[in-house]
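Chain A is the first sequence line, chain B the second, and so forth, proteins listed ahead of strands; every chain is numbered from 1.
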Amino acid sequence: MLYVLKRVLAVIPVLGIVAVIVFLLLHLSPGDPAALIAGDTASSDDVERVRQLLGLNRPLHEQFFSWLWRLLQGDLGVSVFTGLPVAQMIGQRIEPTLWLTFLTISFAVLFAVPMGIIAAWKAGTWIDRSLMALAVLAFSLPVFLIGYLLIFGFSLGLGWLPVQGFHSLSEGFIPFIRHLILPAVSGGLVYMALIARMTRATMLEVLGEDYIRTARSRGVGNTRLLLRHALKNAAVPIVTTIGLGIALLLGGVIITESVFAIPGIGRLTVDSVLRHDYPVIQGIVLVVAAVYVFINLAIDLLYTVLDPRIRY
Amino acid sequence: MKRATFLKSLLPLAAAIVATLGTAPALAQGKVIKMIPGGDLRIIDPIQNASYISRNHGYMVYDTLFAVDSKGQVKPQMVDTFQLSADRKKYTFTLRAGLKWHDGAPVTATDCVASLKRWGAKDVSGRLLMAEVASMDVVNDSTFTMTLKEPFGLVLDALGKPSSNVPFMMPARIANTDPNQQITDATGSGPFIFKKDEWVPGNKVVYLKNPNYVPRKEPADGLAGGKVVKVDRVEWIYIPDQNTALAALTNGEADIFELPQADFIPMLQKNANIKLAADALGNQGWLRPNHLLPPFNNPKARQALQYLVNQEEYLAAAGFPDQFRVKYCGAYFMCGSPNETMAGAEAFKGQNLERAKQLMKEAGYNGEKIVVLTPSDPPVQAAAAMVTVQNLRKIGVNVDAQAMDWSTLLGRRAKKDPIDKGGWHIFHTYSVGYDVVSPVNNAYLQGTCDAAPAGWSCDKTMEDLRMAWAREGDAAKRKKLTDDIQKRAFEQTPYVNFGQFFWPMAYRSNLKGLIVTGIPVMWNVEK
């Protein structure tokens, strides 16, 4: 418990450093939201007036402390473009990203773990080589290409699934799942390949251990041997890979979100960066950094469940 | 009950629940039109922001006092009747009866005066008009007057201005906001109501039919006439990836694709379920030099840019098929518009690289670095910049093509600094025909120095001519002034027209009554 508390408290300075770096990077990089808001035909005076109204003409330290003060009160600010609260904008986008991440990683694990186990069990055979070739292929193909191919085949060709968009679960399960199948598969193939290779490598190592040989000599069946004896002991690196995959997906589903027009956090990040919408970018980075830290914490805690020898 | 039997009995119930969950939203929404807009609506204030997406939002939510029909004629819209005094200095406008804001309050003359003042502080035509207005006075709830210092020939043209910034009418409580401060309340009196609670910036904008809207009796014609709404809901679905947008239209998930990438056009033309439609005027490409920095502070260097441009080269690079581009248009005010003229154009027709090289030399150019802002994202601007860079190099110019995204470019071009402090020499953009067709609303023609858009053209003669054009009521004299203005434009070259092109909208063939004006308006259309 003390460990958990320590880890949670350690998040605060991490987020503080992230906040300072992001703020400085954004404000020191070229680009001017005031010019973008004032528009194509605006005069310099118009741009300057917009800058004043947004408070962007104030000294950098003043802007930073003003933002920090609001942040300490739980206020992430408002978008300089839409005028909407940053928390609301992130809230609108978090659901699609969470569902997409969940389904992507579920798809990946569902196929990758059996693939890795079978490949390790049949190491050196044509089954192993075929599965690993498939994994290499899935890992090599860019996500956007897989996305376009899936759209071409399953949406435009067969007409089974929609091309784009997101429907919340509250709008009905069928539209919800129909809109997420193709994105989850296209994004999940890379992680499937990664987890399958990791599972195979770890399983191969474990299967060479003495206790496995002993279990086999005692007549333990293959299924029991693989799932109860080998997989359980190979689980720690696999779980680490899955955890990292979740963290990467939360911040990195931008390509999947763009190809399938899913309004998630990834697209909000890119849109905001392109427009220099400072409060939104700062809000997203803080939220994503916090999620990363907590996912890492969750993985660390899971280790103690999977391997009782691990203690903090 | 056996377990299998029990599970079997649950199947119809589960199927019914799934079916209900799957179809409920569609049943609730009625007739819906889904459009993939050309941009993402980020700013809901079409006065503060002149972007076309904010303007298009304005046409959904707001109404205008006057509007132009398909022939470019200005017609009353919210206005019922108007009179001009015998000395031509006083207009009296009376609003139509029954106009209401979305919150149910009546539209009043006070609201309209406040709206005009806010628009007049931002828009290029509005500023010209307001400079001539002595006062605007409310007579009663439905009538106001506009008193001019001198007779001004363009009052109705300005009030019926079709493109950015459009004089949209807003309630006075909103219109009293600083014109540079974004409004947050989109209450209008237009044919649709903005559903702010369903707005997801970067993804979706939702409009509902305004049940209290009172359309004019005349049939819809261009942006004028009766704005009769025949659907319940319009959704703008922003899809940043052009391939996905194309697939969504092809698959019937969207009804309209506002600005398909130019190289998709031939593919769309072959699809029997898709129609293409472009407005008659099209768009004009602009190469804008920085008038503050040498060598382009010298008109000869700017004229050199005229000789550098082969319009066909630019439009081909942008990907527009032959039938969607004008082979050559020398008119500053668009070919096919009432103000089209070739005055002054003949000397600059066609590319002449030798002449361009000579003029650069005469302007004092001696191999210094020329910075061309080269955007990576908007396809037309990106292609145009690459062509200019190539042609400048052909005439021996030392070009520094600085690549950046469009938003960075917008920030960068606002800098008046010298080159070593982040300044620039050339950037490219384009404008829809509506914003170019007259000396008054063509923003980049302005010679107002610091008050002019980035590039800061400073030309008092041009300003005098523009003002004379605006004041002139006689058509023949105005035509003469149009010619004079264009001749002056070629001499001074505030910008170079790199070509006129038509960017068609693609839509599903089951849509009827779509009004094609270059602005995606959603009244009159049936599905």
From B:Arg42 atom CZ to A:Asp271 atom CG, the distance as rounded to the nearest 0.5 Å:
5.0 Å
Just verifying a value: how many Å separate A:Leu84 CG and B:Ile44 CD1, rounded to the nearest 0.5 Å?
7.5 Å
Ranked by heavy-atom pairs below 4.5 Å to chain B, first place among A:Ala261, A:Ala35, A:Gly147, A:Pro162 goes to A:Pro162
Interface moiety of A:Arg275 toward chain B, non-hydrogen atoms closer than 4.5 Å
both
When A:Phe260, A:Phe81, A:Phe144 are compared by non-hydrogen pairs under 4.5 Å with chain B, the top option:
A:Phe81
Other residues, nucleotides and ligands only: do more than 12 of their heavy atoms fall within 6.0 Å of CZ on A:Phe139?
no
Flag if over 12 foreign heavy atoms under 6.0 Å of CZ, A:Phe154
no
How about B:Pro201 and A:Gln92: do any of their side-chain heavy atoms sit closer than 4.5 Å?
yes
To the nearest 0.5 Å, atom OG1 of B:Thr244 lies from atom OH of A:Tyr148 at 5.0 Å
Checking heavy atoms, do the side chain of B:Arg127, its backbone, both or neither come under 4.5 Å from chain A?
side chain
Can you tell me which portion of B:Trp456 sits under 4.5 Å from chain A's heavy atoms? Options are side chain, backbone, both or neither.
side chain
Checking B:Tyr430 against chain A: side chain, backbone, both or neither under 4.5 Å from a heavy atom?
backbone
Winner by heavy-atom pair count (cut-off under 4.5 Å) against chain A, out of B:Asn251, B:Asp40, B:Asp241:
B:Asn251
Please look at B:Ala452 and chain A and tell me whether the side chain, the backbone, both or neither of the residue comes under 4.5 angstrom of a heavy atom of that chain.
backbone
With only heavy atoms counted, which part of B:Gln182 is less than 4.5 Å from chain A, the side chain, the backbone, both or neither?
side chain
Let's test your reading of the structure: which of B:Lys122, B:Arg413, B:Arg412, B:Met404 forms the most heavy-atom pairs below 4.5 Å with chain A?
B:Arg413
Less than 4.5 Å to any heavy atom of chain B: does that hold for the side chain of A:Arg93, its backbone, both, or neither?
side chain
I'd like to know which of B:Lys196, B:Lys416, B:Glu253 tops the heavy-atom pair count under 4.5 Å against chain A.
B:Glu253
Heavy-atom cut-off 4.5 Å, strictly under: side chain, backbone, both or neither for A:Ile262 against chain B?
neither
Contact check, side chains of B:Asn203 and A:Phe166, non-hydrogen atoms, under 4.5 Å
no
pair B:Pro240-A:Arg267: side-chain heavy atoms closer than 4.5 Å:
yes
Contacting region of B:Ala247 [heavy-atom separation from chain A under 4.5 Å]
both
Part of B:Tyr238 within contact of chain A (heavy atom distance under 4.5 Å):
both
Part of B:Lys415 within contact of chain A (heavy atom distance under 4.5 Å)
neither
For A:Gln164, which atoms come within 4.5 Å of any heavy atom of chain B: side chain, backbone, both, or neither?
both
Taking every non-hydrogen pair under 4.5 Å, which of A:Val47, A:Val259, A:Ile177, A:Ile151 racks up the most with chain B?
A:Val259
Relative to chain A, which segment of B:Ile237 carries a heavy atom at a distance below 4.5 Å: side chain, backbone, both, or neither?
side chain
Between A:Ala34, A:Gly159, A:Ser155, which residue shows the highest count of heavy-atom pairs closer than 4.5 Å to chain B?
A:Ser155
Hey, is the main chain of A:Ile37 close enough, under 3.5 Å, to the side chain of B:Gln48 for a donor-acceptor pair?
no
CG/B:Asn243 to OG/A:Ser258 distance, rounded to the nearest 0.5 angstrom?
12.0 Å
Among B:Leu409, B:Asp45, B:Thr429, B:Thr250, residue most engaged with chain A (heavy-atom pairs, under 4.5 Å)
B:Thr429
Taking side chain as everything from C-beta outward and backbone as N, CA, C, O, which of these in A:Val80 sits under 4.5 Å from a heavy atom of chain B? Side chain, backbone, both or neither.
backbone
Counting heavy-atom pairs under 4.5 Å with chain A, the top scorer among B:Val124, B:Asn165, B:Ile239 is B:Ile239
Examine whether an atom of B:Ser51 lies under 4.5 Å from a heavy atom of chain A, and if so say whether it belongs to the side chain, the backbone or both; otherwise answer neither.
neither
Can you tell me which of B:Ala443, B:Gly202, B:Ala50 forms the most heavy-atom pairs within a distance under 4.5 Å of chain A?
B:Gly202
Side chain / backbone / both / neither for A:Leu274 at chain B, heavy atoms under 4.5 Å
both
Distance (rounded to the nearest 0.5 Å) between A:Arg51 CZ and B:Asn180 CG:
12.0 Å
